[in-house]
Amino acid sequence: MSHVVTRFAPSPTGHLHIGGARTAIFCWLLARHYGGRFHLRIEDTDLLRSKQEYTDSILASMRWLGLDWDGDLTYQTQRADVYSRYVDKLLETGHAYWCDCTPEEVEAMREEARQKGLKPRYNGRCRTRELGPGVGRCVRLKTPLTGKVVFDDMVKGRISVDVSELDDMVLRRADGMPTYNMAVVVDDYEMGITHVIRGDDHVSNTPRQILIYEALGLPVPRFGHVPMILGPDKQKLSKRHGARAVIEYQQDGLLPQALVNYLVRLGWSHGNQELFTRDELIEYFDGNNLNPASAAFDPAKLEWCNAHYMREMLLSDLARLVAPFVQQVGLGDLGQERLEALCLMFRERANNLKALAESFRPLVLPAAELVHAEKDAKKHFTDQGKEHLRKLSAVFAACESFDADTVDSALNAYVADNGLKFKEVAPPLRTALMGFMGGSHLKDIMAFLGREETLERLKRVTG
RNA sequence: GUCCCCAUCGUCUAGUCGGCCCAGGACAACGGCCUUUCACGCCGUCAACAGCGGUUCAAAUCCGCUUGGGGACGCCA
């Protein structure tokens with residue numbers, strides 16, 4: 001495969017969802033792996049449901065995922081005349097014909113077939129009527145009467161369908177607009193697409209499209225139909241399963257590399273490897289090892305994947321990425337330096353940026369606004385616990401400086417000098433500083449808070 | 001209804017033209033270690049070849065049937 005051209009062709013009737021995102025990732029990877037080209041085509045021929053805002057949203061998601069495309073966007077609505085030219089050609093060569101059957105009549109034909117237990121289809125009434133152009137007339141393909149359409153799918157292997165299953169499909173509607181299958185074939189040909197990777201739900205369209213390619217005398221591309229992504233309950237993915245659009249994951253604070261990594265492993269594998277860098281993905285993704293079975297979406301594994309990237313990425317990058325979420329949860333602008341300190345303390349305790357930002361709250365809020373968890377306060381703010389905190393206040397007040405090491409040794413000295421165990425002192429201190437029994441290392445917490453804020457928090461407990 | 005596709009642990013999967021698989025990895029769950037909380041990390045446990053027939057010395061791997069899923073059957077995409 002020296003020459004590979006792929007494309008992703010969403011219709012702008014909604015945001016980019018994870019199923020489409022995965023298809024796009026596969027297409028992008030295949031092109032990048034072979035050093036080919038990756039195109040983006042907006043299939044907006046459904047005038048009623050297509051919206052520019054969705055195109056914008058899809059493009060934004062593509063960029064966020066890092067899926068760059070080559071060349072300009074193709075909008076199908078701008079190419080009506082092109083499709084028409086190909087339909088005319090089919091008319092001229094006798095591969096297509098005019099039809100004036102009304103939708104009602106066609107539906108009656110389908111009903112009749114259904115009654116007989118056959119596949120509902122158009123019965124070819126106008127096939128031999130030699131009708132010409134006219135108002136209300138569409139153009140249909142003259143499907144071969146016998147034979148099979150066979151193709152070798154990149155993921156499902158050889159698929160064979162008898163032409164008797166197909167009817168004379170409409171190529172151009174009465175209003176002059178091409179139908180989906182017609183437009184796709186023309187575009188894929190004109191864009192020089194060599195590999196069509198798309199959702200499972202298109203397998204039944206493929207034989208129809210191949211018929212059009214053949215009638216037009218055009219080379220047929222390679223097809224690869226990836227199975228659908230199911231919900232955790234193995235049912236079709238729906239709104240019930242929570243966030244589905246990639247924009248929603250972005251808003252929840254997921255990292256694009258985590259989503260890409262997770263999605264690519266849904267239906268594709270490289271031995272036992274789970275985590276991949278972008279370069280590894282490009283290196284390994286050659287169109288093989290695609291799984292023909294549908295896969296269930298597992299939010300837990302996505303979170304794990306995201307947590308992994310949060311832990312291993314550059315601290316400064318993480319801080320920069322979490323900043324907008326910190327703003328969003330109402331903690332204001334903390335500045336890069338403080339954010340990095342916080343990220344260092346909490347990155348291992350959060351699975352996404354939003355949760356990470358939220359975990360900063362106890363340390364960012366002023367002492368007066370700190371809320372003590374009732375259960376922890378009751379358990380650790382005992383008379384003895386308060387006594388420790390009083391003495392510690394004095395110890396901390398006496399510290400020469402207030403960096404983590406200094407505070408740590410002071411705390412250790414207090415414990416050792418009084419013949420105590422850390423377990424007796426740490427819980428009340430932690431609860432006083434964090435508001436609950438959680439957080440990061442005490443020395444880091446105190447160093448971050450600073451002497452004044454630390455003492456103030458102790459004072460709130462000791463009175 | 002007709003046609004097409006699919007079928008390994010709860011989930012994602014490895015299993016490259018049958019033997020090295022009484023089936024491996026990862027997530028989840030559970031247990032332990034570490035420990036100044038919570039995490040991280042490390043160690044371990046639980047857990048699957050849908051069923052039935054063939055072919056073969058040998059089948060998760062090949063064939064058939066059954067069952068169970070999914071998809072398609074528009075002048076939607």
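In the text below, chain A, chain B and the rest are named by the order of the sequence lines, each starting its count at 1.
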Item to check | Nucleic acid contacts of residues 423-438 of chain A, taken as heavy-atom distances under 4.0 Å to RNA chain B | outcome: Ala426(A), Arg430(A), Met437(A), Gly438(A)
Checklist outcome for this item: From CG of Leu363(A) across to C1' of U37(B) the rounded distance in Å is 14 Å
Checklist entry - Who passes salt bridge (charged side-chain N to carboxylate O under 4.0 Å, His left out) against Lys51(A), sequence neighbours left out? => result none
Next on the checklist: Which residues pass the side-chain hydrogen bond (donor to acceptor under 3.5 Å, both in side chains) test with Thr55(A), not counting sequence neighbours?
Outcome noted: none
Checklist entry - Residues two or more places apart in sequence or in another chain: which of them pass side-chain hydrogen bond (donor to acceptor under 3.5 Å, both in side chains) with Asp100(A)? => result Arg129(A)
Item to check | Residues which pass salt bridge (charged side-chain N to carboxylate O under 4.0 Å, His left out) with Glu283(A), listed by chain and number, not counting sequence neighbours | outcome: none
Checklist entry - Along nucleotides 29-34 of chain B, 5' to 3', which nucleotides get a B, which get an S, and which get a -, given that the test is a protein heavy-atom distance under 4.0 Å? => result ------
Item to check | By ring-ring contact (aromatic ring centres under 6.0 Å, His included) - contacts of Phe276(A) (at least two apart) | outcome: Trp268(A)
Next on the checklist: Please classify the nucleic acid contact of Leu266(A) as base, sugar-phosphate, or nothing, using heavy-atom distances under 4.0 Å.
Outcome noted: sugar-phosphate
Item to check | Under 4.0 Å protein heavy-atom contacts per nucleotide of nucleotides 69-75 of chain B, with B for base, S for backbone only and - for none | outcome: -SSBBSB
Checklist entry - Once you round it to whole Å, what is the distance between P of C38(B) and CG of Asp376(A)? => result 11 Å
Next on the checklist: I need a per-nucleotide contact map over nucleotides 61-66 of chain B, read 5' to 3'. Cutoff is protein heavy atoms under 4.0 Å; write B for the base, S for backbone only, - otherwise.
Outcome noted: ------
Could you pull out every donor-acceptor pair under 3.5 Å between side chains of residues 107-114 of chain A and any protein atom, sequence neighbours left out?
unit_1: Glu107(A); atom_1: OE2; unit_2: Arg114(A); atom_2: NH2; d: 2.9
unit_1: Glu111(A); atom_1: OE1; unit_2: Arg114(A); atom_2: NE; d: 3.2
unit_1: Glu111(A); atom_1: OE2; unit_2: Gln115(A); atom_2: NE2; d: 2.7

Checklist outcome for this item: Contacts of Arg41(A) meeting side-chain hydrogen bond (donor to acceptor under 3.5 Å, both in side chains) (sequence neighbours excluded), chain-then-number -> Glu43(A), Asp188(A)
Just the atom pairs and distances: protein N or O near nucleotides 39-42 of chain B's N or O, under 3.5 Å.
unit_1: A39(B); atom_1: O2'; unit_2: Glu348(A); atom_2: O; d: 2.2
unit_1: G41(B); atom_1: OP1; unit_2: Arg311(A); atom_2: NH2; d: 3.2

Next on the checklist: Using the P atom as the point on both nucleotides, what is the distance between G41(B) and A59(B), in whole Å?
Outcome noted: 41 Å
